Amino acid sequence: MKRLGILTSGAFLGLSIGFICALFFSLTNHATTFMPSSPDFVAHLSSNTMATLAAAGLWAAIGLLFSLTSLIFFNEQWSIARQTIWHLGLSYLGFTPLAILAGWFPLNVTWLLLYTLIFVGIYLVIWTYSMLRARKTVQHLNDVLLPHKYTN
């Protein structure tokens, strides 16, 4: 049941982040109507409402994807390196087609390479932050549970 909650919250988080990003880009580009994605994406659908519905589905799928891939870190038999490599690979393989469907970049080698560099760069920043936060938590727990070990 806990994992169902993780998946549900992931889909809603994806919807929320997607909407906020689309609203931000609509505002910063001075759009007269809400743009759920790129103009090319919207043009492929029958109306702005249908484009928003399709984009919302993609946003939820993205949130669901990252919720599903995060379950890899529950596998305690794997090392953190193995978990990270699998998480990165599955996230990339799942997110890339969703980003293409969302019209975030055209499908050609140059854009795919640029997208890959950006994806890996963002992943590394988030991973580094997560590892530093985890190290700090472990250090704090060690200090609380084993205070005498570090004092003379």
Side-chain angles (χ1 to χ4, degrees), residues 1-29 31 33-42 44-105 107 111-112 114-147 149:
M1 192 62 154
K2 180 180 179 181
R3 291 187 179 160
L4 180 62
I6 291 171
L7 298 178
T8 303
S9 64
F12 281 109
L13 186 60
L15 274 167
S16 301
I17 292 172
F19 174 76
I20 290 167
C21 289
L23 185 60
F24 173 77
F25 286 115
S26 292
L27 291 170
T28 58
N29 289 310
T33 60
F34 176 72
M35 295 296 290
S37 191
S38 69
D40 287 340
F41 176 84
V42 175
H44 280 91
L45 292 142
S46 61
S47 68
N48 198 21
T49 302
M50 291 307 294
T52 301
L53 180 63
L58 289 169
W59 301 332
I62 290 167
L64 186 61
L65 167 74
F66 285 109
S67 291
L68 281 170
T69 58
S70 73
L71 297 176
I72 289 170
F73 293 104
F74 286 96
N75 186 344
E76 295 177 5
Q77 284 81 30
W78 286 6
S79 68
I80 191 67
R82 186 175 183 187
Q83 290 171 341
T84 301
I85 290 167
W86 275 93
H87 183 263
L88 172 62
L90 291 174
S91 295
Y92 178 82
L93 290 174
F95 186 72
T96 301
L98 293 172
I100 293 167
L101 283 173
W104 292 347
F105 65 92
L107 186 55
W111 277 101
L112 190 58
L114 181 61
Y115 158 80
T116 300
L117 288 172
I118 292 168
F119 184 92
V120 171
I122 291 170
Y123 190 94
L124 287 174
V125 167
I126 294 170
W127 182 84
T128 301
Y129 172 78
S130 297
M131 289 299 109
L132 291 173
R133 191 178 72 199
R135 181 184 295 172
K136 186 176 179 179
T137 300
V138 168
Q139 183 62 48
H140 174 72
L141 290 172
N142 283 338
D143 291 345
V144 169
L145 296 173
L146 307 167
K149 183 177 180 180

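Fair warning: this is a prediction, and the values are worked out from it, not measured in the lab. Side chains are part of it too, since the values below use all heavy atoms of this structure and drop only hydrogens, waters and symmetry mates.
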How many angstroms lie between [atom1] in [X] and [atom2] in [Y], if you round to the nearest 0.5 Å?
| X | Y | atom1 | atom2 | answer |
| --- | --- | --- | --- | --- |
| Phe105 | Leu114 | CZ | CG | 9.0 Å |
| Leu145 | His140 | CG | NE2 | 8.5 Å |
| Leu112 | Ile100 | CG | CD1 | 6.0 Å |
| Leu90 | Ile85 | CG | CD1 | 12.0 Å |

Partner residues of [X] under the side-chain contact (heavy atoms from CB on, under 4.5 Å) criterion, sequence neighbours left out:
| X | answer |
| --- | --- |
| Phe12 | Thr8, Leu15 |
| Leu98 | Leu58, Ala61, Ile62, Leu65 |
| Ile122 | Ile118, Ile126 |

Sub-3.5 Å donor-acceptor pair from the side chain of [X] to the main-chain atoms of [Y], do we have one?
| X | Y | answer |
| --- | --- | --- |
| Asn29 | Ala31 | no |
| Thr69 | Phe66 | yes |
| Asp40 | Gly103 | no |

Close side-chain approach of [X] and [Y], heavy atoms under 4.5 Å:
| X | Y | result |
| --- | --- | --- |
| Met131 | Ile80 | yes |
| Pro36 | Leu53 | no |
| Trp127 | His87 | no |

Legend entry - Met50 atom CE: more than 12 heavy-atom contacts under 6.0 Å: no
Inset, instruction - Please indicate whether Trp78 has more than 12 foreign heavy atoms, meaning atoms of other residues, nucleotides or ligands, lying under 6.0 Å from its CH2. - result: yes
Legend entry - Taking every non-hydrogen atom, the tightest pair across Ser70 and Ile6: OG-CG2, 4.4 Å
Inset, instruction - State, to 0.1 Å, how close Gln83 and Phe73 come at their nearest heavy-atom pair, and which atoms those are. - result: OE1-CD2, 3.5 Å
Inset, instruction - Could I get the full list of ring-ring contact (aromatic ring centres under 6.0 Å, His included) partners for Phe74, not counting sequence neighbours? - result: none
Inset, instruction - Write out all pairs satisfying side chain to side chain donor-acceptor pair (under 3.5 Å) with one or both partners inside residues 92-102, taking only residues at least two apart or from two chains. - result: Tyr92-Thr116, Thr96-Tyr115
Inset, instruction - Assess the pair Phe95 and Trp104: is the distance between their ring centroids shorter than 6.0 Å? - result: yes
Counting only pairs under 3.5 Å, give me each side-chain donor-acceptor contact of residues 19-26, with atom names and distances, residues two or more places apart or in other chains.
| residue | atom | partner | partner atom | Å |
| --- | --- | --- | --- | --- |
| Ser26 | OG | Ala22 | O | 2.9 |
| Ser26 | OG | Met35 | N | 2.8 |
| Ser26 | OG | Met35 | O | 3.3 |

Inset, instruction - Give the intermediate values and the outcome of side chain to side chain contact (heavy atoms under 4.5 Å, CB included) for residues Phe119 and Ser91. - result: CA-CA 10 Å; Phe119 184 92; Ser91 295; 4.0 Å; yes
